[in-house]
Amino acid sequence: MSGAKHWEQDKEATVYVGNIDERATDALIWELMVQAGPVVNVHLPKDRVTQSHQGFGFVEFNGEVDADYAAKIMNGIRLYGKALRVNKASADKQKPLEIGAELFIGNLDPMVDEKVLYDTFSRFGTLIAPPKVARDDNGLSKGYGFVSYSSFEASDDAINNMNGQFLMNKDVTVQYAYKKDGKGERHGDEAERMLAAQAKKHNVIIESQPMPPALLQTPTPVPAAPPVVAPPAMATGGFDPSLAAGIPPPRPPVGFAPSPVAHRGPPPPFGVNGAPPPPGAGRPNALPPAPSGLPARPPPSQAGYGSPADFHPGSFRIPPPGFGPPPGNVPPPPPGFAPGYGR
């Protein structure tokens with residue numbers, strides 16, 4: 001039964017059997033596995049001193065199909081009260097490693113689906129499996145879900161940033177999920193972290209599942225509406241001044257000289273041919289000629305503003321001819337006051 005060595009077996013037709021009770025023998029394992037298909041060999045590694053098996057072994061079947069069938073129906077079968085672990089064994093293929101960086105997300109809003117979990121938690125690291133939302137028989141969310149990362153650094157970062165944060169109007173709880181062995185322990189303990197560090201050191205492959213295309217799709221942005229261009233004003237019968245910037249002025253008819261360009265600035269300071277303008281020309285208060293039959297109007301004053309020629313404000317009025325200041329009797333200046341200039 002155990003004549004062939006396990007490295008000489010057909011690995012594709014061989015299954016691994018674990019969690020074997022110490023009372024089980026090679027013959028008993030043979031009798032159990034032959035119910036799944038023809039058995040070629042059974043190998044239970046023995047201790048060199050006690051010659052008792054070490055709790056695991058390998059069973060080679062006649063073909064790969066029989067081995068696949070045995071892994072499906074024999075896994076979980078109890079032998080001496082212990083559930084056997086039966087799966088395909090291949091020394092040529094490296095078994096992927098599950099590091100256990102699995103998170104539990106609780107208090108989820110009913111509107112949160114797998115796509116929302118993926119978009120939210122994939123920012124902290126690589127997910128090795130599609131996010132899961134627990135649902136009932138009607139497909140409605142139960143209010144919690146799971147995400148799995150490829151490293152504990154990513155899962156720790158997700159817990160630190162998302163625990164207690166609002167997601168779809170509900171503050172979610174993010175923590176490590178319970179292990180599947182049913183002992184009440186959570187993932188993320190020191191043993192798992194040490195195994196993950198060793199696996200990373202030896203470049204062990206981390207088991208990952210392909211993501212569904214629906215999770216990887218990004219929402220298509222709505223194209224912006226083209227700007228509304230107003231039609232030219234001339235198309236509706238109006239006039240657009242911006243279109244007349246490059247239109248030359250109309251030409252005069254034959255036989256007519258072009259009109260001089262109007263002077264837009266202030267009037268020139270001189271008259272015709274550079275001569276100064278006549279007195280009063282251009283003043284806005286120039287008087288019109290007197291009507292016929294009336295005496296001529298006196299000429300305007302040259303002193304400005306039409307005031308009399310002999311007008312002097314205040315005490316500076318010049319006395320009329322023949323009059324002068326009274327002789328003598330000029331009061332002396334006050335004490336300490338020097339006479340002013342011009343005296």
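The model shown is predicted, which means the values in this text are computed figures rather than measured ones.
For the pair Arg186 and Tyr176, the cation-pi test (distance below 6.0 Å, angle within 45°) is failed.
Shown here are the side-chain hydrogen bond (donor to acceptor under 3.5 Å, both in side chains) partners of Ser52, two or more places apart in sequence or in another chain: Thr50. With sequence neighbours left out, Thr120 forms a side chain to side chain contact (heavy atoms under 4.5 Å, CB included) with Val116, Arg123, Met162, Leu167. With sequence neighbours excluded, no residue forms a side chain to side chain contact (heavy atoms under 4.5 Å, CB included) with Glu22. Under the rule for a side-chain hydrogen bond (donor to acceptor under 3.5 Å, both in side chains), Arg78 has no partner lying at least two apart in sequence or in another chain. Remark: Glu102 engages no residue in a side-chain hydrogen bond (donor to acceptor under 3.5 Å, both in side chains) (not counting sequence neighbours). Every residue was checked against the side-chain hydrogen bond (donor to acceptor under 3.5 Å, both in side chains) condition with Tyr69, not counting sequence neighbours, and none meets it. The side chain to side chain contact (heavy atoms under 4.5 Å, CB included) test applied to Ser141 returns Val133, Arg135, not counting sequence neighbours. Applying the side chain to side chain contact (heavy atoms under 4.5 Å, CB included) rule to Pro110 yields no partners; only residues at least two apart in sequence or on another chain are considered. Residues forming a salt bridge (Lys or Arg N to Asp or Glu O under 4.0 Å) with Asp109 (at least two apart in sequence, or on another chain): none. Judged as a salt bridge (Lys or Arg N to Asp or Glu O under 4.0 Å), and not counting sequence neighbours, Asp66 has no contacts.
Looking only at side-chain heavy atoms (C-beta outward), Leu117 and Val112 come within less than 4.5 Å of each other. Between Lys179 and Asp189, the closest side-chain pair of non-hydrogen atoms falls below 4.5 Å. In this structure the side chain of Lys88 reaches within 4.5 angstrom of the side chain of Glu64, judged on heavy atoms. At least one side-chain heavy atom of Met33 sits less than 4.5 Å from a side-chain heavy atom of Val86. Here the side chains of Lys142 and Asp136 are in contact, with some heavy-atom distance below 4.5 Å. Leu79 places a side-chain heavy atom less than 4.5 Å from the side chain of Leu84.
Listed by first then second residue, pairs satisfying side chain to side chain donor-acceptor pair (under 3.5 Å) with a partner in residues 160-172 read Asn107-Asp171, Asp157-Asn161, not counting sequence neighbours. Pairs of residues two or more places apart, or lying in two chains, that qualify as ring pair (Phe, Tyr, Trp, His ring centres under 6.0 Å) and include a residue from residues 101-130 are Phe104-Tyr144, Phe104-Phe146.
Taking CD1 of Ile159 as the reference point, atom CG of Leu103 lies at 5.0 Å (rounded to 0.5 Å). Atoms OG and NE2, on Ser148 and His187 in that order, are 7.5 Å from each other to the nearest 0.5 Å. In this structure, OG in Ser155 is found 13.0 Å from CD in Gln175, a value given to the nearest 0.5 Å. Taking CD from Glu114 and CG from Asp119, the interatomic distance works out to 11.5 Å, rounded to the nearest 0.5 Å. The distance from the CG atom of Asn75 to the CG atom of Asn19 is 10.5 Å, given to the nearest 0.5 Å.
The pair Lys115-Asp113 does not count as a salt bridge, with every side-chain nitrogen at least 4.0 angstrom from each carboxylate oxygen.
Side chains of Thr126 and Tyr149: a donor-acceptor N/O pair is absent below 3.5 angstrom, by distance only.
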* Decide yes or no on side chain to side chain contact (heavy atoms under 4.5 Å, CB included) for Met74 and Val59, but give the supporting numbers first. => CA-CA 12 Å; Met74 292 298 177; Val59 178; over 6 Å; no
* Asked: Stepwise, does the side chain to side chain contact (heavy atoms under 4.5 Å, CB included) test hold for Val147 with Ile105?
  -> CA-CA 8 Å; Val147 292; Ile105 300 98; 3.5 Å; yes
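The two atoms that bring Glu31 and Gln35 nearest to each other are O-NE2, 3.5 Å, heavy atoms only. Of all heavy-atom pairs spanning Gly145 and Leu108, the tightest one is N-CD1, 3.7 Å. Closest approach of Val15 to Ala67, counting heavy atoms only: CG1-O, 3.3 Å. Contact between Ile20 and Gly57 at its shortest, heavy atoms only, is CD1-N, 3.9 Å. Contact between Leu215 and Pro130 at its shortest, heavy atoms only, is CD1-CB, 4.0 Å. Residues Ala83 and Gly76 approach most closely at CB-O, 3.9 Å, considering heavy atoms.
For the pair Lys46 (side chain) and Leu44 (backbone), a donor-acceptor distance under 3.5 Å is present. A donor-acceptor pair under 3.5 Å is absent between the side-chain atoms of His43 and the main chain of Asp26, judged by distance alone. Panel note: side chain Glu192, backbone Gly188; a donor-acceptor pair is recorded below 3.5 Å.
A continuous path of Ile, Leu, Val, Met, Phe, Trp and Tyr side chains, each step under 4.5 Å between heavy atoms, connects Ile73 with Trp30, placing both in one hydrophobic cluster.
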